[in-house]
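Everything on this sheet refers to the single structure shown next.
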Amino acid sequence: MSEDERFHPGARHGEALSLHVRCHGGMTEDRSRHRLDSRRPHAWEGRRRGSKTSAWLIAGSLLPGLAAAAALIFTWRQGTDTLEQGNRELRIAEQGQITERFTAAIEQLGEDDEELTFGGVYALERIMEDSARDQPRIVSVLSAFIRSHAAVPAAGFAKQTPGAAPPALPPAVLAVVGVLADRPSGRDGSAVVDWSRSDLRGLRLAAESDVSGGPPSTSRLPFSGIRLRNADLRGGQFTAVDLSRALLNDAQLADAAFTRVNLTRADLTGVKAETAQVRVRDSVLKDAVLRRAILPEATFIRADLTGAHLEEANLQGARFSSVDDKAGSGSTGGQLAGAHLDNANMTGAALFNADLTGAELTNTDFTSADLGGANLCNADLNNAELSYPPNLSEGDARIGANLTGADLRGADLTHANFTGALLTGADLRGATLLSTNFTGASLGGADLTGVDLSNAIGLPPGAGKDKPLEPPRPRRPCPAPTDTSPGAPAGIRNG
C-alpha cells in the first residue's frame, strides 16, 4: 500500500464510490432512454393504424352504393315478379277469351242460318291462326261437321247416272274444306282430318299456287294421313294435294282425277271406279296399296307405282304411259319396278316400255296386254297368262300378249302361258322356262342364248337358232333379284 493510501484511506473508497456512481448513473441513463424509446411510436405501427383507418373509410364510402344496388335488385325482382304475374294473368285472360270465342263459334255451327254457320266456320279459322294449341281440336270439329253435313246415305252410295254431273256440295261444306286446306301445316298434333263416309262428289281440291307442267315444286295442300274410308269421291278433282298415307279404303273414284298428287303409301284397298275411268297424271304412288282395286280403263300418265301393291286388282284395259295420247315408240311406260300384281287382272292393259323390273306377277292375267319393249328383268311371272282371249269367234286372230322387244332376262316364267304371244326380238337370257307354254308364239329374233329349253312346251321349230335381233335401245343392267332365299334363280346381272 502506498503512503498516500496509508495516510489517505478514503481516497480509494472515493474512487470506488465515484465509479459506482458513474456506473449506476449510466444504467439509470440507459433505463431512462429505454423508457423514452418505449413511449415513442414506431413507424410500422403508424402504417398499420393508417391502413385500418383507410379500410373503414372505404367500407363506409361503399355502404351507400351497396344499399343502392340492393335496392335496385329488390326493385328489379319485384318488377320481374310483377311482370310475370301480369303475363300469367294476360295468358289466362287470352285463354278465357279464346274459350269464349270457341264456344260461340261452335254454337254458330249448329245454327240453321247459313250466315251464322259461315261466321262460326271462319271464327274457328281465326282461332287456329291465333292459338296453335287449339288447332287439333278445331280440325276434329270441322271434320265432324263435314261428316254430318255431307254424309253418305245410310242405304249406301247414291245412284248417279253415268256421265251426269255430280250434285253441288253445300256452301258451308265447301267453306270448311277451304279452311282445312289453308290451315297451318304441322300443328295438327294427334288430330287427323277424317271425312270417312262423306259424300264429296264433284269436290275440287287444288292448291292456289298450282301451275301446269310436271310435279309441283311448291308444297302440296296438307292432307297427309286423311281418312276417306268409304267416301264418295266420284267426279272429284285433286291437284297438287298431299295424300300420302291417306286411307281411301273402299272409296268410290269413278271419273276422279289425280294430278300431281302425292299418294305415297296411301291405302286404296278396294277402291272402285266401275262406271267411269280414273285419271292419274304426274302423281306418285310409291308403295301404295291398291289390293282388289277395281279400276278398269284407268289411265296412269307419268305415274310412279314403284313398289305398289296391286294384288287381285282389276286394271283391265288400263294404260300406263309417259304421254297423254296413245303410246308410241318414243314413249315410256309406267314405273312399276318391284310392284306387286299377283292375281291382278291386266287384260288388255297398255304397258308399252313399262318398267316392271323385279315385279311380282304370279298368276297375273296379261291376256292381250301390250308389253312391247317392257323391262321385265328378274320379274316373277310364275303361272302368268299372256295368251289371247279364250272366247274368240271363228276367224278371229289368235294373237296373245305383245312382248316384242321385251326384256325378260332372269325372269321366272315357270308355268307361264305365252300361247300366241308375240316375243319377236325379246331377250330371254337367264330366264327359267319350266313348263312354259309357247304354243303358237312368235319367237323370231328372240335371244335364247344359254337358256335351258328342255322343259319348255310348244316351242316352234328352230327356236333359239335365229340370230338375236338388236334391241330397240341399249339394254340396261338387270338389278339383282330381291329374292335371296336358297335355291332362288340367280338371273342375269348385266347385259
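The first residue of the sequence shown is numbered 1, and numbering continues consecutively from there.
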Original post:
Would you say Thr364's side chain and Leu341's backbone share a donor-acceptor pair under 3.5 angstrom?
Top reply: yes

Original post:
Which pair of heavy atoms, one from Gly202 and one from Pro166, lies closest together, and at what distance?
Top reply: CA-CG, 3.6 Å

Subject >> Set of side chain to side chain donor-acceptor pair (under 3.5 Å) partners for Asp188, sequence neighbours left out >> reply: Gln135, Arg183

**OP:** Search all heavy atoms of Pro222 against all heavy atoms of Ala181 and return the closest pair with its distance.
**Re:** CD-O, 3.5 Å

Subject >> Residue pair Ile138 / Val179, side-chain heavy-atom distance below 4.5 Å >> reply: no

**OP:** Would you please name every residue forming a side-chain contact (heavy atoms from CB on, under 4.5 Å) with Asp396, sequence neighbours left out?
**Re:** Leu392, Ser393, Arg398

Original post:
Do Ser244 and Ser224 have a side chain donor and acceptor closer than 3.5 Å?
Top reply: yes

Original post:
Per the side chain to side chain contact (heavy atoms under 4.5 Å, CB included) rule, which among Leu233, Val278, Leu253 passes with Val271?
Top reply: Leu253

Subject >> Step-by-step salt bridge (charged side-chain N to carboxylate O under 4.0 Å, His left out) determination, Asp282 to Arg302 >> reply: CA-CA 5 Å; Asp282 296 311; Arg302 294 179 295 277; 2.7 Å; yes

**OP:** Among residues two or more places apart or on two chains, list those pairs meeting ring-ring contact (aromatic ring centres under 6.0 Å, His included) that have a residue in residues 163-199.
**Re:** Trp195-Phe223

**OP:** Would you please name every residue forming a side chain to side chain donor-acceptor pair (under 3.5 Å) with Thr264, sequence neighbours left out?
**Re:** Asn262

Original post:
Please, which pairs that meet ring-ring contact (aromatic ring centres under 6.0 Å, His included) have at least one residue in residues 237-269, sequence neighbours excluded?
Top reply: Phe238-Phe258

**OP:** Could you list the residues that satisfy side chain to side chain donor-acceptor pair (under 3.5 Å) with Asn402, not counting sequence neighbours?
**Re:** Asp370, Thr404

Under 3.5 Å, which donor-acceptor pairs link side chains of residues 147-157 to any protein atom two or more places apart or in another chain?
residue : atom : partner : partner atom : Å
Arg147  : NH1  : Asp194  : O            : 2.8
Ser148  : OG   : Ala144  : O            : 3.1
Ser148  : OG   : Phe145  : O            : 3.0
His149  : ND1  : Phe145  : O            : 3.0

Original post:
Checking side chain to side chain contact (heavy atoms under 4.5 Å, CB included) for the pair Val193/Val139: CA distance, chi angles, key distance, verdict?
Top reply: CA-CA 6 Å; Val193 178; Val139 167; 3.9 Å; yes

Subject >> Nearest heavy atoms of Ala441 and Leu423, plus distance in Å >> reply: CB-CD1, 4.4 Å

Original post:
Checking Thr117 side chain against Glu111 main chain: does a donor-acceptor pair fall under 3.5 Å?
Top reply: yes

Original post:
Closest heavy-atom contact between Asp342 and Leu361?
Top reply: OD2-N, 4.3 Å

**OP:** Under the side-chain contact (heavy atoms from CB on, under 4.5 Å) rule, collect the residues that match up with Arg204, sequence neighbours excluded.
**Re:** Gln237

**OP:** Start with the C-alpha gap between Ile457 and Thr436, add the side-chain angles, then the distance that decides, and say whether side chain to side chain contact (heavy atoms under 4.5 Å, CB included) holds.
**Re:** CA-CA 6 Å; Ile457 300 171; Thr436 308; over 6 Å; no

Subject >> Distance in Å, Thr299 OG1 paired with Arg279 CZ, rounded so as to fall on 0.5 Å steps >> reply: 7.0 Å

**OP:** Measure the spacing between NZ of Lys286 and CG of Asp304 and express it to the nearest 0.5 Å.
**Re:** 5.0 Å

Subject >> Heavy-atom check, side chain of Asn314 versus side chain of Thr347, under 4.5 Å >> reply: no

Subject >> Criterion side chain to side chain contact (heavy atoms under 4.5 Å, CB included) on Asn345 and Thr367, from CA distance to verdict >> reply: CA-CA 9 Å; Asn345 182 0; Thr367 299; over 6 Å; no

Subject >> 4.5 Å side-chain heavy-atom contact, Leu351 and Leu336 >> reply: yes

Subject >> Beyond-backbone contact of Ile226 with Leu247, side-chain heavy atoms, under 4.5 angstrom >> reply: no

Original post:
If we only count heavy atoms from C-beta on, is the Leu356 to Leu371 side-chain gap below 4.5 Å?
Top reply: yes

Subject >> Inter-residue atom distance Cys377.SG - Asp355.CG, 0.5 Å rounding >> reply: 9.0 Å

**OP:** Decide yes or no for Leu433 and Asp452: does some side-chain heavy atom of the first lie under 4.5 Å from some side-chain heavy atom of the second?
**Re:** no

Subject >> Pair listing, ring-ring contact (aromatic ring centres under 6.0 Å, His included) test, anchored in residues 396-433, at least two apart >> reply: Phe418-Phe438

Original post:
Is a side-chain donor or acceptor of Ser131 paired with a backbone partner of Ile127 at a separation under 3.5 angstrom?
Top reply: no

Original post:
Side chains of Met346 and Phe320: does their closest heavy-atom pair fall under 4.5 Å?
Top reply: yes

Original post:
Taking the side chain from Arg220 and the backbone from Arg260, do they hold a donor-acceptor pair closer than 3.5 Å?
Top reply: yes

Original post:
Would you say the side-chain atoms of Asp134 pair up with the backbone N or O of Pro136, donor to acceptor, closer than 3.5 Å?
Top reply: no

Subject >> Atom pair CG/CG of Leu381 and Leu386 - distance to nearest 0.5 Å >> reply: 6.0 Å

Subject >> Side chains of Gln252 and Asp232, donor plus acceptor under 3.5 Å >> reply: no

Subject >> Nearest non-hydrogen partners of Ile399 and Tyr388, listed with the distance >> reply: O-CB, 3.2 Å

Original post:
If you round to the nearest 0.5 Å, how far is CD1 of Ile301 from OG of Ser283?
Top reply: 11.0 Å

Contacts table for residues 290-297: side-chain donor-acceptor under 3.5 angstrom, sequence neighbours left out:
residue : atom : partner : partner atom : Å
Arg291  : NE   : Glu311  : OE1          : 3.3
Arg291  : NH2  : His309  : ND1          : 3.3

Original post:
Between Gln160 (side chain) and Ala164 (backbone), is there a donor-acceptor pair under 3.5 Å?
Top reply: yes

**OP:** Could you check Asp130 against Arg101 for salt bridge (charged side-chain N to carboxylate O under 4.0 Å, His left out), going step by step and ending with a plain yes or no?
**Re:** CA-CA 11 Å; Asp130 295 342; Arg101 290 165 57 192; 3.2 Å; yes

Original post:
With distance as the sole test, does Asp407 use its side chain to make a donor-acceptor pair with the main-chain N or O of Arg409 at under 3.5 Å?
Top reply: yes

Subject >> Contacts of type salt bridge (Lys or Arg N to Asp or Glu O under 4.0 Å), residue Asp199, not counting sequence neighbours >> reply: Arg201

**OP:** Decide side chain to side chain donor-acceptor pair (under 3.5 Å) for Glu385 and Ser387; before the verdict, give the C-alpha distance in whole Å, the side-chain angles of both, and the deciding distance to 0.1 Å.
**Re:** CA-CA 6 Å; Glu385 185 66 48; Ser387 62; 2.3 Å; yes

Subject >> Any residue meeting salt bridge (Lys or Arg N to Asp or Glu O under 4.0 Å) with Asp287, in chain and number order, not counting sequence neighbours >> reply: none

Subject >> Flag side-chain contact, heavy atom, 4.5 Å: Asn378 against Thr357 >> reply: no

Original post:
Can you tell me how far the CG atom of Leu434 sits from the CG atom of Leu413, to the nearest 0.5 Å?
Top reply: 10.5 Å

**OP:** Apply side chain to side chain contact (heavy atoms under 4.5 Å, CB included) to the pair Leu221 and Leu205, showing each step before the final yes or no.
**Re:** CA-CA 8 Å; Leu221 292 183; Leu205 195 59; 4.0 Å; yes

